[in-house]
Amino acid sequence: MSNPRILGIAAFLLAVFVLVPVFINLTGRWDFYYTLTSVALLSVAAAGVWLTFYIGRINIGQGAYALTGGYVSAILITQYGVSFWVTLPVAGLFCALVSVVIGLPILRLRGVYFAMVTLVLTEVARLTALALPVTNGAKGITSIPLPGELSLFGLTIIPDFATLENPKLAFYLMAAVLMVLTYLVLWRIVNSRLGHLCRSLQQNEELSASIGVNTAMLRVLSYAISSFFGGLAGAIFVAISQSIYPSSFVVQDSVNFMLYCFVGGLGSVFGPMLGTLLLYFGWDLLSIAKEYQLLIYSGTMIALMLVLPNGVLSLLDRKGGRK
Amino acid sequence: MTAPILQVKGVTKRYGGLTANNDVTFDVAPREILSVIGPNGAGKSTLFKQIAGFVTPTTGEVIYKGNRISGLPPHKVARMGVVRTFQETTIFKSMTVRENIIVAHHLRSKASLLGFFFGTGQAQADEAEFAASADDIIDFLGLQAIRNEMASNLPQGHLRALGMAIGLATHPDVILLDEPFAGMNHDETMRMVNLVRRLRDERGLTVLLVEHDMPAVMKISDRIVCINFGEKIAEGTPAEIQANPRVIEAYLGSEDAAIGM
């Protein structure tokens with residue numbers, strides 16, 4: 001790894017874990033914690049969407065897995081008294097499992113057909129949540145306790161969130177750690193042989209198969225990892241809001257996850273992170289435009305896609321040449 | 001004739017009412033260069049797809065080294081040693097020439113995907129081996145000058161060579177070349193003919209090819225199988241095929257009509 005890259009990563013980590021909390025402390029803008037926590041979590045889900053883009057599939061169904069992950073966590077906590085920290089990986093794995101079952105048939109589709117089916121998935125998840133007894137229908141699940149203590153061999157690793165004087169900071173740090181880990185995994189996938197194979201799949205599935213790549217397996221694997229991220233993000237969102245409803249994640253959210261990837265750039269691992277930050281803050285900032293908010297927002301989106309079809313991060317490529 | 005490496009046995013493929021291949025049978029000997037010829041739409045490509053596992057025969061089977069490979073998915077057929085290159089210049093466009101060839105070494109990786117994720121010793125050894133083998137193939141095909149060129153920027157002739165390089169990277173025993181000489185001028189064709197010969201002579205490959213360029217086919221092939229309307233109508237050495245009245249009628253005859261003779 002080159003020196004500037006290490007510096008860049010160090011600067012990023014410093015900003016996320018030190019500068020942001022210090023800045024918020026100084027300015028007293030505690031609401032920023034909530035915003036940034038959301039950005040971190042949304043970018044985790046968007047990272048999953050990005051991975052499906054990386055195998056050449058347009059995924060507009062991440063909301064379904066965020067919702068599923070959220071419900072899995074909520075149900076396990078409220079009805080079975082399971083610790084939040086256990087439900088977190090379980091929610092991710094459950095989503096991965098569901099995505100394998102769903103992915104096996106639908107990943108045979110390509111292009112707009114796959115996109116259409118995934119678009120429907122979010123709605124299917126919402127309707128399922130409305131209909132099932134275990135999800136408590138439209139009333140949803142509320143008053144979910146905050147994450148409890150996580151201890152290993154009697155050693156407290158993470159204290160009970162309810163006893164903290166500043167749970168907002170705790171949630172922020174948790175989301176940030178998860179985001180960093182997610183992008184570390186994603187970066188590693190893309191820069192290992194797995195990533196090369198995904199690229200081969202994206203560029204030419206037939207040729208990929210003829211050089212001996214088990215394309216069906218690879219597609220399902222990528223989709224499962226993608227959904228795992230979606231489930232994780234969903235579970236933490238539920239822990240923060242302490243409630244979940246069938247409408248917690250809707251089609252609009254699924255579309256947003258996809259837009260985050262587009263805006264940030266499909267060519268770079270960190271595209272979805274940047275895209276989430278820009279769009280989430282951009283939307284908030286535009287609220288001063290009142291009724292023109294949506295108009296300006298969507299107009300900017302269209303302009304961005306025309307001017308920078310490969311996302312904001314493609315600016316770097318243009319300047320520095322191909323990585 | 002030695003024991004065949006590949007046997008096509010009564011392969012029939014129907015799409016609804018259309019019969020693309022009807023009861024096609026022939027054997028391929030090890031280290032043989034065998035061409036499949038026939039007019040447009042005769043079912044040559046369909047036949048190739050069935051051998052490489054992209055299409056499952058309606059009836060009949062393809063036997064490779066005693067094992068049935070028809071009906072297996074393409075990646076398994078490739079794993080066994082039968083690899084197809086494509087009619088259209090099919091490559092990974094957004095990768096460099098060298099990256100294309102390295103990726104195509106996938107079959108030979110010993111480390112698991114998880115091993116590659118964590119960068120284990122085996123994974124690193126694999127990567128080093130792939131890189132060395134890729135350079136070897138680049139030298140073999142004379143692609144040194146364009147090794148770091150993006151594949152999307154390459155001209156036709158190089159693209160086809162790259163397609164062949166991708167096929168070679170899987171280290172097949174049998175390579176299926178789909179129209180390797182299409183769109184090439186005489187010099188390029190002769191160079192390609194030489195290259196195909198070297199595949200057999202220096203790398204010990206068995207070569208199956210589908211081709212329209214009759215002079216090239218006659219020059220390069222040990223044997224030729226001629227297909228018309230999905231059925232095999234002749235099989236033999238280039239001299240036998242040239243003298244076969246059914247071939248002349250079906251193939252060369254129609255060609256004459258097409259050019260107004």
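Labels below follow one simple rule: chain letters A, B, ... track the order of the sequence lines, proteins then strands, and each chain is numbered from 1.
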Colleague: When rounded to the nearest 0.5 angstrom, what is the spacing between NE2 in B:His106 and NE2 in A:His196?
Modeller: 13.0 Å
Colleague: Please state whether the side chain, the backbone, both or neither of B:Leu114 comes within less than 4.5 Å of a heavy atom of chain A.
Modeller: neither
Colleague: Hey, are the side chains of A:Glu206 and B:Pro74 touching, using non-hydrogen atoms and a 4.5 Å cut-off?
Modeller: no
Colleague: Taking all atoms of both residues into account, what is the closest heavy-atom pair of A:Ser192 and B:Phe116, and its distance?
Modeller: CB-O, 3.4 Å
Colleague: A:Gln202 versus chain B, heavy atoms under 4.5 Å apart: side chain, backbone, both or neither?
Modeller: neither
Colleague: Of all heavy-atom pairs between B:Ala104 and A:Ile211, which one has the smallest distance, and what is that distance?
Modeller: CA-CD1, 3.5 Å
Colleague: Provide the closest heavy-atom pair for B:Phe118 versus A:Arg188 in the form atom of the first, atom of the second, distance.
Modeller: C-NH2, 4.3 Å
Colleague: Measure distances from B:Phe54 to the heavy atoms of chain A and classify the residue's part below 4.5 Å as side chain, backbone, both or neither.
Modeller: side chain
Colleague: Kindly compute the distance separating CG (B:Asn100) from CG (A:Leu207), expressed to the nearest 0.5 Å.
Modeller: 7.5 Å
Colleague: Take atom CE of A:Met116 as the centre, draw a 6.0 Å sphere, and report whether it contains more than 12 heavy atoms from other residues, nucleotides or ligands.
Modeller: no
Colleague: Looking only at non-hydrogen atoms, find the nearest pair between B:His75 and A:Val213 and report the distance.
Modeller: CB-O, 3.2 Å
Colleague: Is it true that, when you exclude B:Arg197 itself, more than 12 heavy atoms of the residues, nucleotides or ligands shown sit nearer than 6.0 Å to its CZ?
Modeller: yes
Colleague: Supply the atom-to-atom distance B:Arg79 CZ to A:Asn214 CG, rounded to the nearest 0.5 angstrom.
Modeller: 6.5 Å
Colleague: Indicate the atoms forming the closest heavy-atom contact of A:Ala209 with B:Ala78, along with that distance.
Modeller: O-CB, 4.4 Å
Colleague: Do you know the tightest heavy-atom contact between B:Arg84 and A:Ser210?
Modeller: O-OG, 3.8 Å
Colleague: What do you reckon, is CZ of A:Phe94 surrounded by more than 12 foreign heavy atoms closer than 6.0 Å?
Modeller: no
